[in-house]
Protein chains: 2
Amino acid sequence: MDIKTKYNTKQKQEILNFLESKGPGHFTVADLDMYFKTKGIKVGTTTIYRQLDKLISEGVVKKYNIDETSSACYEYIGQSDANGCQQMFHLKCEKCGKIIHLECHEVTLFEEHIAEHHGFKVDPMRTVFYGICKDCAAL
Amino acid sequence: MDIKTKYNTKQKQEILNFLESKGPGHFTVADLDMYFKTKGIKVGTTTIYRQLDKLISEGVVKKYNIDETSSACYEYIGQSDANGCQQMFHLKCEKCGKIIHLECHEVTLFEEHIAEHHGFKVDPMRTVFYGICKDCAAL
DNA sequence: TTGCGTGCAAAGGTTTTGCATGGCA
DNA sequence: TGCCATGCAAAACCTTTGCACGCAA
């Protein structure tokens with residue numbers, strides 16, 4: 001859980017390259033796996049899991065379980081703090097699967113309310129709101 | 001997905017007994033499994049899954065994926081509608097794993113804000129807030 | 001009798017672990 | 001050289017599915 005990277009290996013670089021080239025957005029271990037296979041880069045699935053664990057410990061990557069059944073979702077945060085989606089909640093549409101970033105002052109107020117009146121410190125990074133998005137509601 | 005119960009079997013009754021005796025709260029398939037094993041009641045794990053699926057179709061039970069890694073969470077809603085935690089959000093403490101029911105007018109206001117300003121209709125049943133609870137924060 | 005329900009076993013998929021090898025510092 | 005990282009295989013898990021038998025109606 002708290003193991004950090006000590007060596008810089010080729011595999012770690014390849015994973016970071018993927019994260020940089022892809023930019024913000026969500027991905028799964030399977031995505032990385034397929035990406036490496038397509039590119040002909042040799043990185044074992046085990047290594048992907050282990051490197052992601054380390055990147056999570058370092059705060060570079062965040063992990064969600066957005067989907068109910070399938071595999072876990074990861075997100076690249078990057079070295080930059082307080083920007084990115086550090087303070088951001090996510091909305092996920094249950095119909096189209098789209099993930100929306102929620103940037104809104106009301107959210108901060110809501111967070112403060114929960115902290116003050118319910119004694120619960122919400123972690124925005126790990127919290128996902130499920131529901132129906134504008135586009136799907138219009139159908 | 002839409003298969004409903006046609007027969008009343010001993011196993012279904014045992015599952016309903018468990019739900020009634022336990023009352024509101026969350027449980028996993030493993031909980032049911034262990035409960036039956038302890039009591040010496042013979043109900044196969046497969047049957048638990050299949051009966052729960054049917055109860056979900058009937059709206060008697062709700063299913064979440066509150067935990068990241070481990071198994072799915074189920075909740076007994078009962079025949080009564082609009083009560084239970086139909087309209088309720090859940091808070092989950094990332095440290096102690098406790099699940100807290102959030103009953104609060106502010107939440108409704110927040111939901112309305114998201115609907116009006118972001119065009120997103122939140123589904124409270126499926127949304128879980130992650131964070132640190134009062135007790136764990138005090139440690 | 002009809003056909004759903006059950007349960008065992010096996011498969012499916014994701015994630016973790018053991019262990020020997022390989023590579024960074 | 002020392003120790004971490006890698007990767008294969010296998011295990012651990014949770015969940016679903018196939019199939020024959022049992023049981024409710």
Side-chain angles (χ1 to χ4, degrees), chain A residues 1-19 26-37 39-58 60-75 97 126, chain B residues 1-19 26-58 60-75 97 126 128:
Chain A
M1 273 288 180
D2 281 75
I3 307 150
K4 305 207 171 180
T5 309
K6 300 201 173 173
Y7 293 167
N8 277 323
T9 61
K10 196 178 56 204
Q11 288 87 344
K12 186 191 174 184
Q13 273 310 313
E14 290 293 356
I15 290 173
L16 288 175
N17 285 346
F18 170 86
L19 296 180
H26 304 80
F27 63 92
T28 63
V29 170
D31 291 337
L32 262 168
D33 232 356
M34 192 150 2
Y35 172 82
F36 288 137
K37 276 201 178 67
K39 287 263 185 177
I41 302 166
K42 302 280 183 193
V43 179
T45 310
T46 310
T47 299
I48 296 174
Y49 278 106
R50 288 199 270 229
Q51 281 295 342
L52 286 178
D53 281 349
K54 287 174 189 173
L55 291 171
I56 290 164
S57 292
E58 292 165 10
V60 177
V61 163
K62 288 290 177 182
K63 180 181 180 182
Y64 313 85
N65 260 55
I66 280 181
D67 284 300
E68 310 185 339
T69 32
S70 61
S71 51
C73 260
Y74 297 84
E75 176 168 19
R126 300 183 79 143
Chain B
M1 274 287 182
D2 281 75
I3 306 151
K4 304 207 175 181
T5 309
K6 300 198 173 174
Y7 293 169
N8 277 323
T9 61
K10 195 179 55 201
Q11 288 86 344
K12 185 192 174 185
Q13 272 310 314
E14 290 292 355
I15 289 173
L16 288 176
N17 285 348
F18 171 85
L19 297 179
H26 303 80
F27 62 92
T28 63
V29 171
D31 291 338
L32 264 168
D33 231 356
M34 194 148 4
Y35 172 81
F36 287 138
K37 275 200 179 69
T38 306
K39 286 262 187 180
I41 302 166
K42 301 279 184 195
V43 180
T45 310
T46 310
T47 299
I48 296 174
Y49 278 106
R50 287 199 272 229
Q51 281 294 345
L52 286 177
D53 281 349
K54 287 173 189 174
L55 291 171
I56 291 165
S57 293
E58 292 165 9
V60 177
V61 163
K62 290 286 177 183
K63 180 182 180 181
Y64 314 84
N65 262 55
I66 281 182
D67 284 301
E68 309 185 337
T69 33
S70 62
S71 51
C73 259
Y74 297 85
E75 176 166 19
R126 296 180 82 146
V128 178

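Chain naming here is simple, since letters A, B, ... match the order of the sequence lines and numbering starts at 1 in each. Keep in mind that this is a model prediction, so the values were computed, not measured.
Asn8(B) places its CG atom 22 Å from the P atom of dG22(D), with the value rounded to the nearest Å. Atom-to-atom, CD of Gln13(A) to C1' of dA5(D) comes out at 14 Å; the value is rounded to the nearest Å. Between the P atom of dC4(D) and the CG atom of Asp53(A) lies a distance of 17 Å, rounded to the nearest Å. For the pair Lys12(A) NZ and dA25(C) P, the computed distance is 10 Å after rounding to whole Å. Straight-line distance from the CG atom of Asp31(A) to the P atom of dG13(C): 16 Å, rounded to whole Å. Across the protein-nucleic acid pair, Leu55(A) atom CG and dA5(D) atom P stand 12 Å apart, rounded to whole Å. What separates CG of Leu52(B) from P of dT6(C) is a distance of 11 Å, to the nearest Å. Between the CD atom of Gln51(A) and the P atom of dT16(C) there is a distance of 14 Å, rounded to whole Å.
For the pairing with Phe36(B), the side-chain contact (heavy atoms from CB on, under 4.5 Å) check across Val43(B), Asp31(B), Thr45(B), Thr47(B) returns one residue only, Val43(B). Among Gln51(B), Arg50(B), Lys54(B), the one residue that satisfies the side-chain contact (heavy atoms from CB on, under 4.5 Å) test with Lys12(B) is Gln51(B).
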Checklist entry - Could you walk me through whether Phe27(B) and Tyr35(B) pass the ring-ring contact (aromatic ring centres under 6.0 Å, His included) check? => result CA-CA 11 Å; Phe27(B) 62 92; Tyr35(B) 172 81; over 10 Å; no

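Listed candidates were dT15(C), dT6(C), dC14(D). Nearest to the side chain of Tyr49(B) is dC14(D). For Tyr7(A), taking side-chain heavy atoms from C-beta onward, the closest of the listed nucleotides dA25(D), dT16(C), dC3(D) is dC3(D).
Of the side-chain N and O atoms in Lys10(A), none sit less than 4.0 angstrom from OP1 or OP2 of dC24(C).
Ranked by how close their nearest DNA chain D nucleotide is to the 5' end, Ala30(B) and Thr9(B) are led by Ala30(B).
Helix bend of the helix from dG13(C)-dC13(D) to dA25(C)-dT1(D): the angle between its two end axes, each built from five pairs, comes to 30° after rounding to 10°.
Here the CE atom belonging to Met34(B) is positioned 14.5 Å from the NZ atom belonging to Lys39(B), to the nearest 0.5 angstrom. Rounding to the nearest 0.5 angstrom, the gap separating the NE2 atom in His26(A) from the NZ atom in Lys63(A) is 14.0 Å. A distance of 6.0 Å separates CG in Leu32(A) from CD1 in Ile15(A), rounded to the nearest 0.5 Å.
Contact check for Leu55(A) versus Leu19(A): side-chain heavy atoms found under the 4.5 Å cut-off.
Nearest heavy atom pair, residue Thr28(A) against residue Ala72(A), reads CG2-O, 3.5 Å.
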Sub-3.5 Å pairs of nitrogen or oxygen atoms, protein against nucleotides 7-11 of chain C:
residue : atom : partner  : partner atom : Å
dG7(C)  : OP1  : Gln11(B) : NE2          : 3.1
dG7(C)  : OP1  : Lys42(B) : O            : 3.3
dG7(C)  : OP2  : Gly44(B) : N            : 2.9
dG7(C)  : OP2  : Thr47(B) : OG1          : 2.6
dG7(C)  : N7   : Arg50(B) : NH2          : 2.7
dG7(C)  : O6   : Arg50(B) : NH1          : 3.4
dG7(C)  : O6   : Arg50(B) : NH2          : 2.4
dC8(C)  : N4   : Thr46(B) : OG1          : 3.4

